Amino acid sequence: MLLHLPVSVSEAQECLAEGAIPIGGATLVWATWQRDGFPEQAMSLRRLPEANVIGREELGAAVMLHQIDERVPEVLRRAAATVGTGAVRRTATVGGNLVGSTLRCLLPAALVLNAGAVVLESDGVRETDLAEVLAKRHLLLGLRWREPIASAYRKEAGEAGGPPPFVVAAAVHADGVRQLRHLRVAVRDGYDVLDDSVPYDTGADADQVVDLLRDTALGTLHSPGRAVVRRHVRELLAGLAPR
């Protein structure tokens, strides 16, 4: 297998045009390749600057999970810190977790940030939404979002060999010139991810805000999941309440 390590977008496009298979840390595909055979050409973005950025409003797809720190919003940093073991986080990448994994541990955090996706195609770079990236398995260059007012992440304890642990992420955003606010919440329940948003006024009762979620996509959650969401949102909004 010939591994390409492009250092520019144009070079990466050439590799794609020649049929190179994109890989990240290869933590999820290596076993498949060992079983089914290795491709003739593969391509890693680990030397591409655009895929390695870390900032308050952007994160590259080639960034390894252990590199995600306080430069990004708390919800994304905590999500990365809960993925697998330390050894996994030192190898797995943002793009691999979002596009190559069935668990997609970073997805709830990315959704509550209203993150958009930057994708690389053989004919150029463009921005799209995460739904399209996941449906069509585009080559992800990175994520971009507007910094939230506050955010938080919680992963419940899971059982070895059992279903994926329940995850809830939440973020408060300011909208437009009038600085209206909304609360966005996303959960991973099993392998399903649900997300939606509701208006939020500073100082509003947290329970009333949570009750608004019953009329959104999250209204289908089972009772234990709703209880986790309520507790999580209470804690997040308590830090924003006027003192």
Side-chain angles (χ1 to χ4, degrees), residues 24-25 27-28 54 56 59 61 63-115 130-131 133-134 140 143 145 147-173 183-198 206 209-210 213 216-240:
T27 56
L28 297 171
I54 305 176
R56 294 304 300 176
L59 183 65
V63 173
M64 289 180 285
L65 302 187
H66 82 282
Q67 297 175 305
I68 299 177
D69 55 23
E70 65 279 354
R71 287 173 286 180
V72 305
E74 181 178 355
V75 65
L76 198 51
R77 176 173 58 84
R78 290 191 178 276
T82 67
V83 176
T85 64
V88 169
R89 293 191 292 275
R90 288 190 292 272
T91 307
T93 61
V94 171
N97 183 271
L98 285 172
V99 183
S101 168
T102 56
L103 290 176
R104 294 170 177 161
C105 301
L106 300 185
L107 182 56
L111 288 173
V112 300
L113 290 175
N114 297 319
L130 283 171
V133 172
L134 300 182
L140 185 67
L143 303 174
W145 60 85
E147 186 172 4
I149 295 170
S151 65
Y153 179 91
R154 178 194 301 269
K155 176 187 282 188
E156 295 292 280
E159 298 180 4
F166 186 84
V167 163
V168 56
V172 175
H173 297 266
L183 167 74
R184 180 163 288 276
V185 178
V187 302
R188 186 188 69 191
D189 184 17
Y191 291 95
D192 296 327
V193 176
L194 306 171
D195 76 293
D196 217 321
S197 64
V198 294
V209 175
V210 174
L213 291 170
T216 72
L218 281 81
T220 60
L221 271 179
H222 47 75
S223 180
R226 292 198 302 271
V228 174
V229 169
R230 182 175 296 274
R231 185 165 64 251
H232 185 69
V233 170
R234 278 176 177 169
E235 292 175 0
L236 175 62
L237 298 188
L240 298 176

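This one's a predicted model, so the numbers in the text were calculated from it and none came from an experiment. All residue numbers in this chain count up from 1 along the given sequence. FYI, side chains are in, hydrogens and waters are out, and symmetry mates aren't considered; it's all heavy atoms of this structure.
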Discussion item. If you define the side chain from C-beta out and look only at heavy atoms, does anything of R89 sit under 4.5 Å from I68?
Written reply: no
Item to complete: Indicate the atoms forming the closest heavy-atom contact of Y153 with A169, along with that distance.
Response: CD1-CB, 4.0 Å
Practice prompt. Check whether any side-chain heavy atom of L103 lies under 4.5 Å from a side-chain heavy atom of V83, and answer yes or no.
Written response: no
Worksheet item: Is a side-chain donor or acceptor of D196 paired with a backbone partner of T216 at a separation under 3.5 angstrom?
Response: no
Discussion item. Within this structure, what is the CZ-CD distance for the pair R77 and E70, rounded to the nearest 0.5 Å?
Written reply: 7.0 Å
Worksheet item: L194 and A217: which non-hydrogen atoms are nearest, and at how many Å?
Response: CD1-O, 3.9 Å
Practice prompt. Output the distance between atom OG1 (T91) and atom CG (L65), rounded to the nearest 0.5 Å.
Written response: 9.5 Å
Discussion item. Is the shortest side-chain heavy-atom distance between V228 and R154 below 4.5 Å?
Written reply: yes
Practice prompt. Evaluate the side-chain contact (heavy atoms from CB on, under 4.5 Å) criterion for residues L183 and L236: first the C-alpha distance (whole Å), next the side-chain angles of each, then the deciding distance (0.1 Å), finally the verdict.
Written response: CA-CA 10 Å; L183 167 74; L236 175 62; 4.1 Å; yes
Discussion item. Main chain of L221, side chain of R226: is a donor-acceptor contact present, judged purely on distance under 3.5 Å?
Written reply: yes
Worksheet item: What distance separates R188 CZ from K155 NZ, expressed to the nearest 0.5 Å?
Response: 5.5 Å
Worksheet item: Rounded to the nearest 0.5 Å, how far apart are CG of L106 and CG of L111?
Response: 10.5 Å
Fill in: Shortest non-hydrogen separation from H173 to I149 and the atoms involved
C-CD1, 4.0 Å
Practice prompt. Using atom types as modelled and distance alone, determine if a side-chain donor or acceptor of S101 lies under 3.5 Å from a backbone N or O of L98.
Written response: no
Worksheet entry | Which atom of V133 lies closest to which atom of V99, heavy atoms considered | CG1-CG2, 3.8 Å
Worksheet item: So which heavy atom on R184 is nearest to which on N114, and how close?
Response: NE-OD1, 2.7 Å
Response to the item:
Note: L143 and A115 closest approach over all heavy atoms is CB-CB, 4.4 Å
Worksheet item: Is there side-chain contact between E235 and R231, with at least one heavy-atom pair below 4.5 Å?
Response: yes
Worksheet item: Is there a side-chain contact between P73 and W145 (heavy atoms, below 4.5 Å)?
Response: yes
Worksheet item: At what distance, to the nearest 0.5 angstrom, does CZ of R56 lie from CG of L76?
Response: 10.0 Å
Practice prompt. Decide yes or no for V112 and S151: does some side-chain heavy atom of the first lie under 4.5 Å from some side-chain heavy atom of the second?
Written response: no
Worksheet item: Taking the side chain as C-beta and beyond, is there a heavy-atom pair between V185 and H232 under 4.5 Å?
Response: no
Response to the item:
The reported gap from CD1 in I54 to CD in Q67 (rounded to nearest 0.5 angstrom) is 5.0 Å
